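Contents: one structure, followed by commentary.
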Amino acid sequence: MTTSVTIRIQQADFDIAREIAALTQHRNDIGAVVSFSGICRDTEGGASIAALTLEHYPGMAEAEITRHAETAMSRWPLNGLTVIHRVGRIMPGENIVLVLTASAHRQAAFEAAEFLMDYLKTNAPFWKREESAKGTSWIEARDHDDAAAARWTKS
Amino acid sequence: MTTSVTIRIQQADFDIAREIAALTQHRNDIGAVVSFSGICRDTEGGASIAALTLEHYPGMAEAEITRHAETAMSRWPLNGLTVIHRVGRIMPGENIVLVLTASAHRQAAFEAAEFLMDYLKTNAPFWKREESAKGTSWIEARDHDDAAAARWTKS
Amino acid sequence: MKVKYFAWVRERIGKEEETIEPPADVRTVGDLIDWLARRDESYAHAFETPRVIRAAIDHAHVRSDAMISGAREIAFFPPMTGG
Amino acid sequence: MKVKYFAWVRERIGKEEETIEPPADVRTVGDLIDWLARRDESYAHAFETPRVIRAAIDHAHVRSDAMISGAREIAFFPPMTGG
């Protein structure tokens, strides 16, 4: 089984259909593709927001995502996966992050996508700053994201 | 919160990007979109297959999917969901089924998509017949699909 | 009442649907399966393993002990394999 | 060694990166935070709650008891909020 891995950090938006096509084309062993897209909402914790700015740690961000992609591939029988994380200024309704997983079986595709998202939220070095009527402020990490990531740690 | 529900059974292929756009356009309260696409593989249980033919029970199929969509919406805070199931002859590499869920939060979107897929596999009246070098035969239901669906039943 | 058949149940019986008038002592889905299975070899073949036959009354799944009185449409089919 | 700062740690300190030469008794990431916090008010503000500061050595997350000897690049930042 060949596994194709794509990891990108970019300012530009992504095209889910194109990314799915890139992951699945020329092969007929994939039975399930799960995509997760994270989208900028116009409220955060009840307060209206005008935009987000995403900052990241170049070099480490790619290294962390690659490490978790390798963990996902060792833990689930995946045909391929794609992680795209945008940085820079993002408006409500715009895409922030894309995770795609492809497998022969749906359970593996679902679990690997959830695992990657939980780890992106808590371990990948990205930070969100929000713009609202009250000015700009850094979004605080949420305890339940840590809890979500912790469920993948083997006890 | 308005919830948009789309359920279609059709011979034609679907366009994931268009379906996601239809679900998310003109609203900025969606933070997470999960898509599951089930794709026709070229092998089934180790044997090579040339095509699948999907048969369904018109009327009941729509009713069952609608019932499970309503259950999903009552159980998770969803902004919308889409279920498209193809019928007729489908070649390896082609799409079979699409489930899309949209929510403010990723966990709800993931869980609702898994719930809908598990129930489609076991409860929606569709049947797959495979064509191979040995002729045509009906694909048998798998016990682990029943087990996957059973995990959503409240005890 | 109308009866519909799907997948290999349909193939074995050789028809998609038919209208039947079972006698009054055929009260449950299970009774109806037994009654149909006695019709001829095709039906006997279709219903030879009642355990794997699934049934629906008026588009809703039912178990074999469900009563058929009042049903407009009863369907018989193998375990589902969609998705 | 090179030190990098991100998000509000960067904003409070007022620079993205710098090269530092801590004394020999600054052995761990925690020691380095204490040493930096004593530099001036901006650093003190950035590191006022060491519990919430995350650190990485050469692009890998580390805890505050990690040794800094041999590190080429150390980064300090708040809990991550990507995804």
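Every chain is numbered from 1 and lettered A, B, ... according to where its sequence line falls, protein lines coming before strand lines. Please read these numbers as outputs of a predicted model, since none were measured by experiment.
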Check this for me: [X], atom [atom1], are more than 12 non-hydrogen atoms of other residues, nucleotides or ligands nearer than 6.0 Å?
| X | atom1 | answer |
| --- | --- | --- |
| B:E140 | CD | no |
| C:E41 | CD | no |
| C:R12 | CZ | yes |

Parallel, tilted or perpendicular: which fits the ring planes of B:Y57 and C:H59, with parallel below 30° and perpendicular above 60°?
-> perpendicular
Could you check B:M60 against C:E73 for side chain to side chain contact (heavy atoms under 4.5 Å, CB included), going step by step and ending with a plain yes or no?
-> CA-CA 11 Å; B:M60 178 169 172; C:E73 181 174 303; over 6 Å; no
Interface check, chain C: of B:F36, B:Y119, B:F126, most non-hydrogen pairs under 4.5 Å belong to B:F126
Between B:M117, B:K128, B:R67, the one whose heavy-atom pairs under 4.5 Å with chain C are most numerous | B:K128
What part of C:R54 lies closer than 4.5 angstrom to a heavy atom of chain B: side chain, backbone, both or neither?
-> neither
Shortest non-hydrogen separation from B:I139 to C:T81 and the atoms involved = O-CG2, 3.3 Å
Tell me, side chain or backbone of B:D145 under 4.5 Å from chain C's heavy atoms, or both, or neither?
-> neither
In this structure, CH2 of B:W138 is separated from CZ of C:F6 (nearest 0.5 Å) by 10.5 Å
What's the verdict on side chain to side chain contact (heavy atoms under 4.5 Å, CB included) for C:E11 and B:R129, showing C-alpha distance, side-chain angles and the deciding distance?
-> CA-CA 12 Å; C:E11 286 184 339; B:R129 193 176 52 191; 3.2 Å; yes
